[in-house]
Amino acid sequence: MMNDISKTDPEVYGLIKKEGTRIRDGLELIPSENFVSKAVLQALGNFFNCKYSEGYAKKRYYAGNRFVDEVETLTIERAKKAFKVPHANVQPYSGSPANLAVYVALCKPGDTIMGHNLLDGGHLTHGWKASVTGQYYKSVPYHVKTDGYLDLDEIKNLAEQHKPKLIWVGATAYAREFPFEELGKIADSVGAYLVADIAHVSGLVIGGVHKSPVPYAHIVTTTTHKTLRGPRGGMIMVTQKGLDKDPELDKKIDRAVFPGLQGGPHDNQTAAIAVALEEAMKPNFKEYAAQIVKNSKALAKSLMSNGIKLVTNGTDNHMMLVDLTPFGKGHGTFVQDALEAANMTVNKNTIPADPSSPFYPTGIRLGTPTITTRGMKEKEMEMIGKWIADIVKEIKDYNLPSDKEERKAYLKKFKEEISKNENIKKIKNEVVELCKKFPLYPEFDVLK
Ligand code: DSN
């Protein structure tokens, strides 16, 4: 597959090969990432990339779309079947454009919306001030309690006080099951739309290991590249409850995506979403989704039994949020870099009531979708939890300087020191050995 590019563009080929080697020899523990099947990659890398097809099936602005129409219709039918919804739009380029389209469909600038606060684990597009969604709309954030769980009483009170047009449920750093039913009742009691952004858990929903929002929400959005294990992309689904509230909701969503926000859909991405959805409806995907959660619980157990604190003391889904306050505020940056030195990739993340800032947060977020895709099970989770805990303890004496000017130099020195640290090197070698037992994409020459 890579033979041609290796000759025509060795520079890019070299980078692809380096990235291939990096993922082959390391543990990708960022919970929003996954490794997709060869079929998904093949659907992405073909002539559907080359077509313009603004509009929708049978209503295009360009000729030559008969097969694009078929592939988009097939993808829509698969999405409707997989999530049990009456309407799906599969054109959003990714999750943020999908969420923006929901605003365009439902709200006018200045309308009130409610969403899970970013620093409590929410998403930028749920009304954070740095996103247009927090600037064009009056955003009322809700929070988690000190135990890390969503504060349903606060959500109810805020909803009654502010009467929002829409309420988001969904997050990027929340390790517990989303209370769709409770949020559905709150939204109904104030006449709001409930929009469930299930980007993180959509694969778990199809796999039957996370409650579906479909009976409770009016609209459901998702990315397609996380637990769903497809190409980067987005989808918006309208539920029967949504159509009962507004029979025009499907048309409003479609108009918001195109021509409201986007131009030509990425038809190769659409084809790859179709492949991923078909894979996700196969019985072995149920096993995969269940194993993601089993692995996540096993990893959480290993971390906690090795002295690492987790927000909410555990997990219901594919991710964990590590609370590093016992090691000092802003410690997430150090742990992220030290783990990377041992070939384990996580992301630094704020924790609820973080004593530091989003750039130097006091937590890390990690999860199990990619390592489960590689075939790892509970036994490997136990080892990985121990390695992570050992590294956290190895660097416990580093502290983020309170003087902002000093931070850059301090972190540079920290990186130099950890690159020479023998205990971290030893763990890195063990990680590489583990990865060899769970090969990734053996069929691609690039990794040979
Ligand atoms: N960037 C995604 C994540 O990592 O969760 C959310 O958009």
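Whatever order the structure lists them in is the order used to number ligands and atoms, beginning at 1.
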**Asked** Does atom 4 (O) of ligand 1 have a protein heavy-atom neighbour under 4.0 Å away?
**Response**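 Answer yes: something from the protein, a heavy atom, is under 4.0 Å.
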**Prompt:** Under the side-chain hydrogen bond (donor to acceptor under 3.5 Å, both in side chains) criterion, do His87 and Asp254 qualify, and how do the steps go?
**Reply:** CA-CA 10 Å; His87 183 77; Asp254 286 353; 3.0 Å; yes
**Asked** Okay, side chain of Asn306, backbone of Ser302: is any donor-acceptor separation there less than 3.5 Å?
**Response**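 Indeed, once roles are kept as given, a pair shorter than 3.5 Å links the two residues.
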For ligand 1, which atoms sit closer than 4.0 Å to a heavy atom of [X]?
| X | result |
| --- | --- |
| Thr172 | 5 (O), 6 (C) |
| Ser32 | 3 (C), 4 (O), 5 (O) |
| Arg365 | 3 (C), 4 (O), 5 (O) |
| His200 | 3 (C), 5 (O) |

**Asked** Out of Met319, His123, Lys226, who gets a non-hydrogen atom closest to atom 7 (O) of ligand 1?
**Response**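 Among Met319, His123, Lys226, the closest heavy atom to atom 7 (O) of ligand 1 belongs to His123.
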**Prompt:** Applying the ring-ring contact (aromatic ring centres under 6.0 Å, His included) test to Trp168, which of Tyr193, Tyr142, Tyr103 qualifies?
**Reply:**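 The residue from Tyr193, Tyr142, Tyr103 that satisfies ring-ring contact (aromatic ring centres under 6.0 Å, His included) with Trp168 turns out to be Tyr103.
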**Request:** Begin from the C-alpha positions of Lys252 and Asp246 and carry the test salt bridge (Lys or Arg N to Asp or Glu O under 4.0 Å) through to its verdict.
**Result:** CA-CA 10 Å; Lys252 287 182 184 167; Asp246 178 357; 2.6 Å; yes
**Request:** Could you tell me whether Lys348 sits above the aromatic face of Phe359, with NZ or CZ closer than 6.0 angstrom to the six-membered ring centre and within 45 degrees of the axis?
**Result:**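 Cation-pi check for Lys348 and Phe359: passes.
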